[in-house]
Structures are given as structure tokens and as C-alpha cells.
Amino acid sequence: MAIAKISRPRGPGPTVRYIVGPVDHAGRERGQVAVIGSTIGKRPDTAIKFLGEVAKLRPRLRRHLYHVSISVPPNDRELSRSGWAAIGRAWCEGMGIENYMIVLHDAHIHIIGSRIRLDGTAVSDTFDYRRSELLLRTIETQFGLAPTRSSHLVDRARGVPHQRARTLKEVHAVRRDGRSHKDFIRQSIDDALAEEIDAAQLRTVLAEAGIEMMLEQAADGAGYVLFGFQGRSYGARSLGQGYSLTNLLVRGLQLSAPQNARAQLPTPPWALDEGVSRKKPQGAGHHEDALRRLRGFGREAHQVIDRYRARDGAQHPSPGSDPSGAGPEPEEKPPDVS
């Protein structure tokens, strides 16, 4: 079983010094600290300087560093230094990272690497947590480690009961008050979904607890749900994927016909107090109409400028010109330029 934790430090200095230091974040002395693989030098100052120079290849890419910790439980098979180094290199190669340092501690490794390559290109960070987890499942098979059940990022079925882990602020709130706001919202929703319930009934039950339930619609037309409590709104990103509209439907929430989120959405602003002829603007048609109006404004502006110039020329003729004249006589033959 392999587990990876990923963070994105702003600069290489503090992270490199931390992973090669003799003590951990809690001040505990480390049993061993060994650089077992590196493409950026094995000395801390060399690695820091190298990563700093690499960053100059893409100065606008602010978060180009990865700090990764990969560990296996004590009851898994014992790994040698070369085994740990191979796992670290496999992770870096799988993620497309070519500039990295691998440091072995007691039962885990730390990796600091840059997404910037030496040719100036950068590895994409799109879905990097999910890609890392899929890569670890492959590494487990490759190195004979005990398999780990994937998280909700890979296994969609695990998203149904998923709850987001508490932040440090929430931990302090639990110690002080017994529970946090998110815990209260989640518990209220769980209690309501213990019985068969529809969206209107859930909204009423939550309102009695002081929680406002809002069904909204994203720009792409997908429905989502928010829960308001004491002036703040909480969605699946803060509560956990188990509290997204999709997973709430899986857990038994029912929507009135038609069975989709749009049935519960409020009337859009463009449909309020409008005549029958007014309709919701469509993207492409609205854009073309705006272009036609802009072109019309441009033509009108040119006409106004031409009229102004003609009027100004009539009121202020240039010296030596005859305002009532018809202009210079056209030449009967072209001038001799030989």
C-alpha cells in the first residue's frame, strides 16, 4: 500500500532544507536522512540553485514545484534504498518530472521536483492528484506492495459517503465548541436523508435547523446545491463530494418532476415581468446582434465626422480659396514628367 501527499511550495529553499534536515516538523529527530536519487545535485545548496535557475525558464509560472511524500505502512514488505529510489523515479517519470531530488527518511521518501523541463516546456498540472493516485496503483503492482483502495477521485462509488477532512481551524472549533459548522450541516443533512424525502421537504427540515438550501444552475446548465448557514455558503467542495447534488440523489433525495435540478431552480431574471415576445438571449445570436449594432455605430460615427468636416470647411475656408468655386480645373492632358 502506497500513499502520496502532494503540496506545492512557492520556493525551493525551505522545502529542500526541511527534507534534508535532521528533525521533522514536530522537532523529532529522524532515524535516517539520505539522498537516494537526484537529477539536480545531492547537496542542498546545489539543488536549490538548480531549481532557481530552472524557474527562470518560465518566469510567469509561479507554482512549478511539487513536494511529495510517499509512504508504505509498517506491515507492508520492507524496501531497500534501491527499492525506494526506484519507486521515487517511477513516480517522477510517470508524472513527467525530469528535475527532482529523492530523500529517504525512516519509512517514507520525500520528493521535490519542478514541472519545468530543461527545454522550457512545463508539465501540465491538470488532474495531478488523480493522475498521481492512478500512478501509485500501478507502482503498487509493479513493486509487489499491498493494494490500496482508491479514493473518491478515482473510485466514483466512494464519492457517495465522502466527507472532506477537517481543516486546522475546524479542529480548533471542535475542541472549543464540540463541533464545527460543517459538521452541523453534514449531520443535519444525514439525519434528514435517513428517511425518504424530496427536495422541498429537505429544504423545510433544514430551514428549521437554520440552514438554507439553494439549488442553483451553473453556466453549462448543470445543477448544483449550496447550503447557507450563518452568512456563509457551503457546497460539495467544502463539505465533501457526498453532499453534491448528484450524490444526494444517489443517497435517496428526490426531485419533483421532471427529475432533474432544473425543476427546482428559481425563475431566471430575464423571465420576470417580461412580455411574451421577450425571450432568454441565446449566446450566438446575441453575439451577432451586438456585432451588427457596433458596425452600425461605426457607420454613424463616420457620417457625423464627414458632416462636421464639411460644415467646418464651409465656415473656415483655407486662405486663397474660393468658397463658391468648383475647385481647380482638371488638366486636359497629363503633365510631362520626362
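If you read the sequence from its start, that first residue is 1, and numbering goes on from there. Every value quoted in this text rests on a predicted model; they were computed, and no experiment measured them.
- Distance check, rounded to the nearest 0.5 Å: CE of M213 to CG of L248 gives 7.0 Å.
- Residue L202 holds its CG atom at 5.0 Å from CD1 of I197, rounded to the nearest 0.5 Å.
- In this structure, the separation between NE2 on H181 and CD1 on I211 is 10.5 Å, given to the nearest 0.5 Å.
- Judged purely by distance below 3.5 Å, without hydrogens or angles, the side chains of S80 and S82 pair a donor atom with an acceptor atom.
- You'll find the side chain of F229 stays beyond 4.5 Å of the side chain of K182, heavy atoms only.
- Closest heavy-atom contact between S244 and V225: C-CG1, 4.2 Å.
- The shortest side-chain heavy-atom distance between I111 and Y66 does not fall under the 4.5 Å cut-off.
- At least one donor-acceptor pair closer than 3.5 Å links the side chain of D76 to the backbone N or O of A146.
- Closest non-hydrogen pair, F143 versus A86, comes out as CE2-CB, 3.6 Å.
- Checking side-chain atoms of D24 against main-chain N and O of E29 turns up no donor-acceptor pair under 3.5 Å.
- Taking all atoms of both residues into account, the shortest heavy-atom contact from S69 to H108 is OG-CD2, 3.9 Å.
- Within the 4.5 Å cutoff, side-chain heavy atoms of Q241 are placed close to those of N247.
- No donor-acceptor pair closer than 3.5 Å links the side chain of S132 to the backbone N or O of D128.
- Here the straight-line distance linking atom CG of L134 with atom OH of Y129 works out to 15.0 Å at 0.5 Å rounding.
- One finds a salt bridge joining R8 and D125 here, because a Lys/Arg side-chain nitrogen approaches an Asp/Glu carboxylate oxygen to under 4.0 Å.
- A salt bridge links R186 with D183: at least one charged nitrogen is closer than 4.0 Å to a carboxylate oxygen.
- Of the inter-residue distances, the one linking I185 atom CD1 with F227 atom CZ reads 8.0 Å to the nearest 0.5 angstrom.
- By the neighbour-count criterion of 12 heavy atoms within 6.0 Å, atom CZ of R77 is densely surrounded, having more than that number from other residues, nucleotides or ligands.
- Between V33 and H105 there is a side-chain heavy-atom pair separated by less than 4.5 Å.
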Test side-chain contact (heavy atoms from CB on, under 4.5 Å) on N99 and I116 and set out the steps. CA-CA 8 Å; N99 301 308; I116 303 174; 5.7 Å; no
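- Residues satisfying the ring-ring contact (aromatic ring centres under 6.0 Å, His included) test with H172, not counting sequence neighbours, are none.
- Taking the six-membered ring where tryptophan is involved, the planes of H67 and H110 are essentially parallel, since the angle between them stays under 30° and well short of 60°.
- Placement of M101 and L104 in two distinct hydrophobic clusters is found when ILVMFWY residues are connected by side-chain heavy-atom separations under 4.5 Å, directly or transitively.
- For the atom pair CG (L118) and OG1 (T121), the distance works out to 9.0 Å, reported to the nearest 0.5 Å.
- Using a 4.5 Å heavy-atom cutoff, the side chains of M95 and V123 are not in contact.
- E133 and R130 are not joined by a salt bridge, as no carboxylate oxygen comes within less than 4.0 angstrom of a charged side-chain nitrogen.
- Residues Y243 and D190 form a side-chain contact, since some pair of their non-hydrogen atoms from C-beta on lies under 4.5 Å apart.
- With a 4.5 Å cut-off on side-chain heavy atoms, T15 and L65 do not count as touching.
- Atom CD of Q32 sits in a crowded spot, with more than 12 heavy atoms from other residues, nucleotides or ligands closer than 6.0 Å.
- Heavy-atom minimum distance, S114 versus H64: OG-ND1, 2.8 Å.
- R251 places a side-chain N or O within donor-acceptor distance of the main-chain N or O of G242, the cut-off being under 3.5 Å.
- Side-chain atoms of Q201 come within 3.5 Å of backbone atoms of D198 as a donor-acceptor pair (strictly under, hydrogens ignored).
- Side chain of S180 to backbone of V174: no donor-acceptor contact under 3.5 angstrom is found.
- Side-chain contact check for R10 versus R63: some heavy-atom pair is nearer than 4.5 Å.
- Taking the centre and axis of the six-membered ring of Y18, the NZ or CZ atom of R30 falls inside the cone set by 45° and 6.0 Å.
- V103 approaches I19 most closely through the heavy-atom pair CG1-O, 3.3 Å.
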Could you list the donor-acceptor pairs under 3.5 angstrom formed by side chains in residues 40-59, with sequence neighbours left out?
residue: E53; atom: OE2; partner: K56; partner atom: NZ; Å: 3.2
residue: R58; atom: NH1; partner: G120; partner atom: O; Å: 3.1

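- Among all heavy-atom pairs drawn from G228 and M214, the shortest one is N-CE, 3.7 Å.
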